[in-house]
Student: 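Next up is a structure, given as structure tokens.
All values reported here derive from a predicted model rather than from experimental measurement. Starting from 1, each residue takes its place in the sequence as its number.
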Amino acid sequence: MSAHEVKLEPSWKARVGAHFERPEMRALSEFLRAELRAGKTVYPAPKNIFAALDATPFEAVKVVILGQDPYHGPGQAHGLCFSVLPGVPAPPSLENIFKEIERDLAIPRPDHGCLIPWARQGVLLLNSVLTVERGLAGSHQGKGWEGFTDACVDALNRERDGLVFLLWGSYAQAKGKLIDTRRHLVLKAPHPSPLSAHRGFIGCGHFSRVNAWLRERGLGEIDWRLPPAEIDLPAK
């Protein structure tokens with residue numbers, strides 16, 4: 001995996017493309033190739049590994065939601081954290097996100113879990129680790145992805161002003177050390193998984209707070225509603 005081999009949205013490639021030349025990224029590339037040679041199934045599909053960066057160019061980012069690693073069930077992961085394509089049932093963490101949006105903004109739960117419309121409005125849906133082995137959550141942690149996604153967050157922190165970072169759970173919050181809270185808004189809450197959502201994620205009010213921050217700065221608010229699945233969304 002070298003910079004010239006990776007297909008990445010140009011504005012992101014200009015900032016983090018050189019990271020692919022680092023030894024840990026070459027080791028990561030070999031690890032992924034070995035996993036596939038061994039017959040293991042890796043999610044998401046290779047073409048979707050960098051989908052979050054492709055969907056939200058660097059200068060378009062307004063809000064960053066940091067996930068942990070991709071969903072590890074068949075048909076779930078497509079490269080945007082917490083998101084599933086239309087036709088795939090929303091996993092429990094996403095259901096809790098929708099519950100909090102309904103509680104916070106009175107927006108009814110959508111009929112699908114595809115968050116591409118958020119990404120198109122400037123919500124970067126970035127996992128800390130970008131691949132996972134089927135059925136084994138966390139299986140690709142510590143293999144090199146964390147340094148790459150740190151580089152993405154660091155570039156946003158240094159080159160942009162007034163972003164909102166939503167850090168849900170301790171894993172996402174570890175990246176908070178990279179963010180200058182004098183220039184950006186950092187909102188923290190427990191992870192929306194069923195194990196922790198009721199310890200403070202439900203009731204956090206993050207979605208209304210994001211829009212208040214954007215409104216104060218004369219920026220367009222995020223429309224957290226999702227259009228019906230058949231409208232302006234890719235087929236499964």
Side-chain angles (χ1 to χ4, degrees), residues 8-16 50-68 79-83 93-94 96-110 114-128 148-192 200-227 232-233:
L8 196 62
E9 193 280 328
S11 67
W12 281 108
K13 193 163 190 175
R15 289 164 175 88
V16 297
F50 301 106
L53 303 179
D54 293 337
T56 312
F58 185 84
E59 295 295 346
V61 176
K62 297 179 179 179
V63 182
V64 182
I65 297 178
L66 287 172
Q68 189 159 335
L80 276 61
C81 72
F82 295 110
S83 180
S93 293
L94 184 54
N96 283 330
I97 290 171
F98 291 149
K99 285 180 184 176
E100 174 56 16
I101 290 174
E102 185 166 21
R103 188 210 63 79
D104 189 20
L105 296 171
I107 293 173
R109 189 204 175 288
C114 184
L115 306 183
I116 289 174
W118 294 0
R120 290 175 178 162
Q121 296 178 74
V123 181
L124 177 64
L125 296 160
L126 184 66
N127 277 312
S128 294
F148 173 74
T149 53
D150 278 358
C152 295
V153 172
D154 180 61
L156 288 167
N157 174 65
R158 287 183 294 101
E159 294 189 41
R160 299 290 310 281
D161 281 299
L163 300 181
V164 188
F165 291 85
L166 303 183
L167 307 183
W168 300 333
S170 58
Y171 201 85
Q173 288 165 17
K175 286 202 189 303
K177 67 182 184 297
L178 301 168
I179 303 163
D180 182 351
T181 55
R182 296 166 299 181
R183 293 172 40 237
H184 304 286
L185 177 63
V186 176
L187 300 178
K188 298 179 181 180
H191 195 276
F201 178 80
I202 302 297
C204 68
H206 282 185
F207 302 95
S208 59
R209 291 173 71 184
V210 165
N211 280 347
W213 172 271
L214 295 174
R215 191 166 56 247
E216 287 167 7
R217 282 152 186 76
L219 303 171
E221 298 179 25
I222 305 300
D223 184 356
W224 298 106
R225 297 172 297 176
L226 294 175
D232 195 30
L233 293 176

Student: Out of curiosity, I179 CD1 to Q173 CD, how far, rounded to the nearest 0.5 Å?
Tutor: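 I179 atom CD1 to Q173 atom CD measures 10.5 Å (nearest 0.5 Å).
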Student: Applying the ring pair (Phe, Tyr, Trp, His ring centres under 6.0 Å) criterion to F207, which one of W213, W224, F98 satisfies it?
Tutor: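 So, applying the ring pair (Phe, Tyr, Trp, His ring centres under 6.0 Å) to F207 and each of W213, W224, F98, only W224 qualifies.
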Student: Looking at every non-hydrogen atom in both residues, tell me the closest pair between G220 and L214 and how far apart they are.
Tutor: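 Nearest heavy atoms, G220 then L214: O-CD1, 3.5 Å.
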Student: Taking side chain as C-beta onward, heavy atoms only, is L80 less than 4.5 Å from N127?
Tutor: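 No, every pair of side-chain atoms sits at 4.5 Å or beyond.
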Student: If you round to the nearest 0.5 Å, how far is OG of S93 from CZ of F82?
Tutor: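 The CZ atom of F82 sits 6.0 Å away from the OG atom of S93.
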Student: Compare all side-chain heavy atoms of V164 with those of V186 and state whether any distance is below 4.5 angstrom.
Tutor: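 No, side chains not in contact.
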Student: With a 3.5 Å distance limit and no angle check, can you tell me whether D161 reaches the backbone of R183 through a side-chain donor-acceptor pair?
Tutor: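 Judged by distance alone, no pair lies under 3.5 Å.
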Student: Tell me whether E102 is salt-bridged to R109, with the criterion being a basic N under 4.0 Å from an acidic carboxylate O.
Tutor: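 Judged by the 4.0 Å cut-off on N to carboxylate O distance, E102 and R109 do not form a salt bridge.
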Student: What's the spacing between I202 CD1 and I97 CD1 if we round to 0.5 Å?
Tutor: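 It comes to 9.5 Å.
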Student: I'd like to know if the side chain of D104 reaches the main chain of S208, judged simply by a donor and an acceptor atom lying under 3.5 Å from each other, with no hydrogens or angles considered.
Tutor: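 Answer holds: yes.
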Student: If you measure from CG on D223 to CH2 on W118, what distance do you get to the nearest 0.5 Å?
Tutor: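 Rounded to the nearest 0.5 Å, the CG-CH2 separation comes to 10.5 Å.
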Student: Using atom types as modelled, flag every donor-acceptor pair under 3.5 Å from a side chain in residues 52-61 to any protein atom, sequence neighbours excluded.
Tutor:
unit_1, atom_1, unit_2, atom_2, d
D54, OD1, E9, N, 3.1
T56, OG1, A119, O, 2.9
E59, OE2, R15, NH2, 3.3

Student: Could you tell me whether E100 and R103 have a side-chain N and a carboxylate O separated by less than 4.0 Å?
Tutor: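 A salt bridge links E100 with R103.
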Student: What verdict does the side-chain contact (heavy atoms from CB on, under 4.5 Å) test give for I65 and W168, after you've listed the backbone C-alpha separation in whole Å, the side-chain angles of each residue and the deciding distance to 0.1 Å?
Tutor: CA-CA 8 Å; I65 297 178; W168 300 333; 3.7 Å; yes
Student: Test of understanding: with side-chain hydrogen bond (donor to acceptor under 3.5 Å, both in side chains), list the residues that count as partners of N157, not counting sequence neighbours.
Tutor: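 So N157 forms no side-chain hydrogen bond (donor to acceptor under 3.5 Å, both in side chains) with any residue.
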Student: Show your reasoning for whether side-chain contact (heavy atoms from CB on, under 4.5 Å) applies to H184 and F165.
Tutor: CA-CA 8 Å; H184 304 286; F165 291 85; 3.9 Å; yes
Student: Which atom names give the shortest non-hydrogen contact between P110 and L226, and what distance separates them?
Tutor: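 Closest heavy-atom pair between P110 and L226: CG-CD1, 3.8 Å.
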Student: Applying side-chain contact (heavy atoms from CB on, under 4.5 Å), run through L187 and L167 and close with a yes or a no.
Tutor: CA-CA 6 Å; L187 300 178; L167 307 183; over 6 Å; no
Student: Grab the two heavy atoms, one from C81 and one from G67, that are nearest each other, plus how far apart they are.
Tutor: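 Result for this residue pair: SG-N, 3.8 Å.
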Student: Below 4.5 Å, heavy atoms only, C-beta onward: do T149 and L66 meet side chain to side chain?
Tutor: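 The answer is no, as the side chains (C-beta and beyond) never meet within the 4.5 Å cut-off.
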Student: Is it the case that atom CZ in R158 sees more than 12 heavy atoms from other parts of the structure closer than 6.0 Å?
Tutor: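 Check passes, neighbour count above 12.
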Student: With the side chain counted from C-beta on, respond yes when L166 and V63 share a heavy-atom pair under 4.5 Å apart, and no when they do not.
Tutor: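 Side chain of L166 against side chain of V63, heavy atoms only: contact under 4.5 Å found.
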Student: Hey, could you give me the CD/CD1 distance between Q121 and I116, rounded to the nearest 0.5 Å?
Tutor: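 Reported to 0.5 Å precision, the distance equals 12.5 Å.
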Student: Take L124 and L156 through the test side-chain contact (heavy atoms from CB on, under 4.5 Å) and record every step on the way to the result.
Tutor: CA-CA 11 Å; L124 177 64; L156 288 167; 3.8 Å; yes
Student: In Å and rounded to the nearest 0.5 Å, what is the CD to CG distance from E159 to D154?
Tutor: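 Output value for this atom pair is 9.0 Å.
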